[in-house]
Q: 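Questions regarding the structure given below will be posed in turn.
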Amino acid sequence: MPGADLLSSLNSEQREAVLHGRGPLLVLAGAGSGKTRVITHRLAHLVRSGVDPRTITAVTFTNKAAAEMRERAQALLGGAALAAFIGTFHSWCLRFLRRRHREASLPPRFAIADTSDQLALVKEAMAELSISEQVLPPNAVRGRISNAKNALVTAERFAAMETDYAGERIGQVYALYEKKLAATGALDFDDLIARSVRLLASDAAVLADERRRIRHLLIDEYQDTNSAQDALVKRLGEGADSLAAVGDEDQAIYRWRGAEVEHILRFEEDFPGACIVALEANYRSTARILAAAAGLVSHNRRRREKRLRADRGEGAAVRLWHFEEDRAETEAVAREVASSGKAPGEIAVLYRTNAQSRPFEEELVRRRIPYVVVGGMKFYERAEVKDVLAYLRLAARPEDDLAFRRVVNVPARGIGAATLDRIAAVVRETGRSWWEASADLSGVTERARTALARFREIVVDLHEKAATWTPSALLDHLLAVTGYGDLYAGSEDREDVARRENIEELLSSAREFERRNAEGATIGEYLDTVALATDADAAAASGGAVTLSTLHAAKGLEFDTVFVVGLEEGYLPHGQSAEDEDELEEERRLLYVGMTRAKDQLTLTLAGRRLVYGRVEPRRPSRFVDELPKNALEERMFGRPAPTIFAARAHEEDPADDRPLRRGKRVRHPRYGYGVILTEEGSGDETRLTVYFDRAGKKKFVARYADLTPA
DNA sequence: CTGCTTCACCTTTTT
DNA sequence: GGTGAAGCAG
């Protein structure tokens with residue numbers, strides 16, 4: 001049995017957390033303080049002291065974190081670790097709801113709607129309600145609905161709470177969206193959590209049963225829980241022998257997704273008598289990196305005062321590199337990567353937005369340096385992958401409307417808009433699924449009817465085979481019979497080649513799934529895994545490659561050498577987050593997370609000019625640069641320093657600026673009514689203003705011609 | 001009905 | 001710069 005002595009490798013605080021007995025425990029785990037180590041060792045310790053592993057549930061936020069935890073628990077415990085549940089919030093909820101679909105009044109094989117499915121339904125609902133996409137951007141509406149669900153606010157309550165014009169309309173969309181989602185027999189990501197909470201709250205027998213199953217609960221990244229997840233933890237945790245929550249409010253970076261730091265700050269009140277353990281020894285970064293990061297985050301107000309001790313000596317200064325323009329930044333970073341003498345796998349380039357990866361990718365390709373991009377366009381979001389999976393979903397359940405509509409005419413088989421409108425009308429009248437409505441359709445051409453019949457034959461065939469075939473065999477088969485396999489065949493087009501490769505990749509991922517789950521490799525299980533698998537496991541391949549990642553996706557990783565690039569206003573803080581104090585604190589934490597990924601060498605870079613949306617724009621250094629303690633830094637200018645006009649910091653409001661039409665001011669427009677100025681672009685006669693109107697949404701004007709008056 | 005074109009709008013971050 | 005929606009010729 002591996003890991004004979006579990007405790008000898010731990011410091012005294014870590015040991016206390018691992019040995020904690022009954023009741024609630026909060027572990028405040030600073031960056032690099034051995035958080036995962038504590039969770040996995042605690043899990044191992046519980047099993048060693050006689051706890052049945054099946055009664056242990058460990059929950060994380062990402063698949064990546066869950067996979068790592070499973071791996072490390074296995075290293076300590078061997079196969080016994082596999083009996084414990086180790087997975088994400090969403091995967092726990094999905095299993096729970098599948099098991100309890102009857103009590104939750106859900107169809108037995110309900111589908112999962114991803115973000116793009118949600119968006120499609122929102123657009124559809126808005127069209128039916130005659131709400132213009134100009135006035136309310138569908139994606140923003142989607143976000144509002146998602147936030148509401150994460151706060152356990154139903155459509156009815158939303159309508160009661162939101163009484164302004166936009167809120168009212170969003171409430172209507174929310175209600176219709178819910179109706180549509182229910183009609184297709186699907187749940188969205190947020191429903192997985194919210195419906196689980198609702199079921200546990202309303203059904204005492206189910207709750208009692210779950211509490212019997214879960215004796216010990218471990219929650220990772222507690223600072224990132226949203227209200228629904230927090231409610232779930234409370235429901236389950238209150239009945240358990242022990243509840244261990246691990247987190248660090250300085251690394252809370254998911255506020256925009258409904259997470260609230262309050263949950264961790266309030267833990268002792270919610271769980272009276274909770275034991276609190278602070279892990280303050282940092283084993284990852286050298287002292288100067290840590291000092292720079294700590295100095296930055298100390299500007300935040302909503303946090304617990306804490307002191308991280310560096311365990312690894314002084315180390316090198318944090319480098320701050322100023323460039324005239326982005327090209328120079330990209331080249332310098334790539335050059336440094338090439339000449340550092342470090343293995344590519346020990347190096348990461350981190351940035352705020354996915355779009356920033358491109359120039360670095362190009363430069364690394366040019367220099368033939370291997371790299372992996374974490375996140376970005378996700379494998380399972382690619383159109384061809386979703387198409388093929390939609391066929392698989394139809395095979396499992398032909399009544400899956402979302403899947404039906406996605407592929408009914410892919411590849412094109414003569415079922416066009418007119419025919420689909422006809423089916424939609426029948427669906428609306430009868431309340432049946434698209435599959436049922438398409439069975440005997442009247443009022444369409446003979447051609448369309450034949451095409452539809454042909455499509456239905458395919459689905460019937462797939463459905464028959466779905467009960468007994470393996471996922472990969474059925475995928476293979478459906479590629480042949482649907483004609484999808486030939487869609488991109490024989491083309492030399494780069495896009496088409498990539499599509500073929502992605503489909504190939506999907507097939508091998510299905511085979512891999514079957515290999516790992518020899519027993520339960522059903523189509524349903526495969527679809528569940530895939531529905532929640534959003535990253536394409538870039539980490540696995542990163543052994544010999546430079547990691548390119550967003551700051552968000554870098555959480556939990558560490559590298560010898562880290563570059564955080566684009567330290568400019570607009571990126572850090574992001575333009576959308578510079579107004580609100582809470583959002584600003586989150587941006588600061590985001591940079592903190594990035595900086596604390598570095599073990600030995602940290603380099604921060606910024607440029608005075610940058611290509612944004614294909615236009616060269618002047619950039620100003622991030623306000624966070626000023627907050628870094630100077631004695632931990634080593635600054636360097638490449639080329640001429642930025643002109644002084646750009647050096648003025650964005651956040652210093654100019655007291656001489658008494659113009660009535662500047663950012664943040666309220667204005668009135670004769671046609672659109674009252675609103676607030678969001679952004680100013682250009683200057684003088686060229687100044688363009690973006691105004692958000694209370695009733696009409698976002699509009700852009702040339703200031704000189706717009707009939708705007710201060711309000 | 002299909003496939004090609006042009007044209008807005010876009011992107012913060014993810015299960 | 002890239003993508004999805006809309007418009008138009010076969």
Side-chain angles (χ1 to χ4, degrees), chain A residues 59-66 87-94 112-116 118-120 123 127 133-134 137-140 142-143 146 149-150 187-194 221 224-226 228-229 252-259 350-359 362 374-378 380-383 409-421 444-445 447-448 451 495 528-535 549-555 566 570-578 583 586-587 589-591 593-594 611-616 690 698 700:
Chain A
V59 183
T60 64
F61 274 84
T62 64
N63 295 309
K64 199 167 62 182
T88 63
F89 270 103
H90 290 86
S91 67
W92 187 88
C93 289
L94 178 56
I112 294 166
D114 69 9
T115 310
S116 61
Q118 288 179 44
L119 191 60
K123 285 183 180 173
E133 298 193 358
Q134 308 303 314
N139 201 33
R142 208 212 91 247
S146 173
K149 290 191 177 191
N150 286 331
L187 294 188
D188 61 29
F189 285 137
D190 309 313
D191 283 333
L192 292 176
I193 316 280
E221 308 279 15
D224 285 330
T225 50
N226 62 36
Q229 289 159 335
I253 53 176
Y254 287 104
R255 207 186 94 90
W256 53 276
R257 205 167 95 175
L350 309 180
Y351 37 78
R352 178 64 232 267
T353 66
N354 279 308
Q356 287 170 263
S357 73
R358 171 159 268 103
E362 286 166 3
V374 180
M377 179 58 165
K378 263 61 96 258
Y380 289 105
E381 287 169 19
R382 304 199 128 91
N409 199 33
V410 183
R413 46 174 75 90
I415 304 170
T419 309
L420 294 179
D421 281 349
V444 295
T445 63
R447 265 172 74 148
E495 293 288 310
D528 277 356
T529 307
V530 165
L532 297 181
T534 45
D535 1 59
S549 170
T550 62
L551 290 163
H552 281 92
K555 187 157 76 161
Y571 281 150
L572 275 163
H574 191 271
Q576 306 280 307
S577 306
E583 290 183 1
E586 177 143 312
E587 297 289 312
R589 289 192 293 266
L590 202 44
L591 178 54
V593 166
L611 204 59
V612 186
Y613 291 135
R615 293 168 65 106
V616 178
T690 307
K698 236 176 6 183
K700 241 181 175 175

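Proteins get letters first, then strands, A, B, ... in listed order; numbering begins at 1 in each.
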Q: What does A:Thr115 touch in the nucleic acid at a heavy-atom separation under 4.0 angstrom: a base, only the sugar-phosphate, or nothing?
A: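 Contact class for A:Thr115: base.
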
Q: With a cut-off of less than 4.0 Å, is there a side-chain N or O of A:Asn354 near OP1 or OP2 of B:dT13?
A: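 Yes, because at least one side-chain N or O of A:Asn354 sits under 4.0 Å from OP1 or OP2 of B:dT13.
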
Q: Could you tell me whether A:Arg255 contacts a base, only the sugar-phosphate backbone, or nothing, with contacts defined as non-hydrogen atoms closer than 4.0 Å?
A: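 Nothing, no nucleic acid heavy atom in range.
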
Q: Using 30° and 60° as the class limits, which term best fits the ring planes of A:His552 and A:Tyr254: parallel, tilted or perpendicular?
A: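 A:His552 vs A:Tyr254 ring planes: tilted.
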
Q: By nearest heavy atom, map A:Leu420 and A:Asp190 onto DNA chain B; which one lands nearer the 5' end?
A: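 Going by which nucleotide is closer to the 5' end, it is A:Leu420.
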
Q: Regarding A:Ala448, tell me which of base, sugar-phosphate or nothing describes its non-hydrogen contacts under 4.0 Å with the strands shown.
A: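 No contact.
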
Q: Please report the distance, rounded to the nearest Å, between CG in A:Asn409 and C1' in B:dC1.
A: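 In whole Å, B:dC1 C1' and A:Asn409 CG are 8 Å from each other.
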
Q: To the nearest angstrom, how far is A:Asn150 atom CG from B:dT13 atom P?
A: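 Atom-to-atom, A:Asn150 to B:dT13, this comes out as 18 Å.
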
Q: Starting at CH2 of A:Trp256, measure out to OG of A:Ser146 and round the result to the nearest 0.5 Å.
A: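 Rounded to the nearest 0.5 Å, the CH2-OG separation comes to 9.0 Å.
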
Q: Send over the distance from A:Ile112 CD1 to B:dT14 C1', rounded to a whole Å.
A: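 To the nearest whole Å, that distance equals 15 Å.
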
Q: To the nearest angstrom, how far is A:Phe61 atom CZ from B:dT14 atom C1'?
A: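 After rounding, the gap between these two atoms is 11 Å.
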
Q: Return the 5'-most residue of the pair A:Leu590, A:Gly414 with respect to DNA chain B, ranking by each residue's nearest nucleotide.
A: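 Counting from the 5' end, the first nearest nucleotide belongs to A:Gly414.
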
Q: What's the closest nucleotide to the side chain of A:Arg358 if the choices are B:dT14, B:dT15, C:dG2?
A: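 Selected nucleotide: C:dG2.
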
Q: Given B:dC1, B:dT13, B:dT15, identify the nucleotide with an atom nearest to the side chain of A:Thr550.
A: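 Per side-chain heavy atoms of A:Thr550, the pick is B:dT13.
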
Q: Side chain of A:Ala412 only, heavy atoms from C-beta on: which candidate in B:dT2, B:dC1, B:dT15 is closest?
A: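 That would be B:dT2.
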
Q: Counting side-chain heavy atoms from C-beta on, which of B:dT11, C:dG2, B:dT14 comes nearest to A:Trp256?
A: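 Nearest nucleotide to the side chain: B:dT14.
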
Q: What nucleic acid atoms does A:Tyr571 come within less than 4.0 Å of, heavy atoms only: base, sugar-phosphate, or nothing?
A: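 A:Tyr571: no heavy atom of the nucleic acid under 4.0 Å.
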
Q: Using the side-chain heavy atoms of A:Asn139, tell me which of these nucleotides is nearest: B:dT2, B:dT11, B:dT15.
A: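 Nearest nucleotide to the side chain: B:dT11.
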
Q: List the steps and the verdict of side-chain contact (heavy atoms from CB on, under 4.5 Å) for A:Tyr351 and A:Leu551.
A: CA-CA 6 Å; A:Tyr351 37 78; A:Leu551 290 163; over 6 Å; no

Q: Nearest whole Å is fine: how far is B:dT14 C1' from A:Glu586 CD?
A: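 Going from A:Glu586 (CD) to B:dT14 (C1'), I get 12 Å.
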
Q: Looking at every strand, decide which applies to A:Asp114 at a 4.0 Å heavy-atom threshold: base, sugar-phosphate, or nothing.
A: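 Counting heavy atoms under 4.0 Å across all strands, no contact is made by A:Asp114.
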
Q: Would A:Asn150 and A:Ile193 satisfy side-chain contact (heavy atoms from CB on, under 4.5 Å), going step by step from the backbone distance to the final call?
A: CA-CA 8 Å; A:Asn150 286 331; A:Ile193 316 280; 5.6 Å; no

Q: How long is the line joining OH of A:Tyr351 and C1' of B:dT11, in whole Å?
A: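 Taking atom C1' of B:dT11 as the reference, OH of A:Tyr351 is at 14 Å.
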
Q: Looking at the side chain of A:Ala355, which of B:dT11, B:dC1, B:dT15 is the nearest nucleotide?
A: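 Nearest listed nucleotide: B:dT11.
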
Q: Quick one: does A:Gln229's side chain have a donor or acceptor within less than 3.5 Å of a partner on A:Asn226's backbone?
A: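 Answer holds: yes.
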
Q: Figure out the NE2/P separation between A:His574 and B:dC10, and round it to whole Å.
A: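 From A:His574 NE2 to B:dC10 P: 13 Å.
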
Q: Can you measure A:Tyr254 atom OH to B:dT15 atom C1' for me and round it to whole angstrom units?
A: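 Atom-to-atom, A:Tyr254 to B:dT15, this comes out as 9 Å.
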
Q: Starting the side chain at C-beta, find the nucleotide from C:dA5, B:dT13, C:dG2 nearest to A:Lys123.
A: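 It is C:dA5.
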
Q: In terms of side-chain heavy atoms of A:His552, which of C:dG2, B:dT11, B:dT13 is nearest?
A: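 Between C:dG2, B:dT11, B:dT13, the one nearest the side chain of A:His552 would be B:dT13.
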
Q: As an exercise, state the distance from OG1 of A:Thr60 to CH2 of A:Trp92, rounded to the nearest 0.5 Å.
A: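 Rounded to the nearest 0.5 Å, the OG1-CH2 separation comes out at 14.0 Å.
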
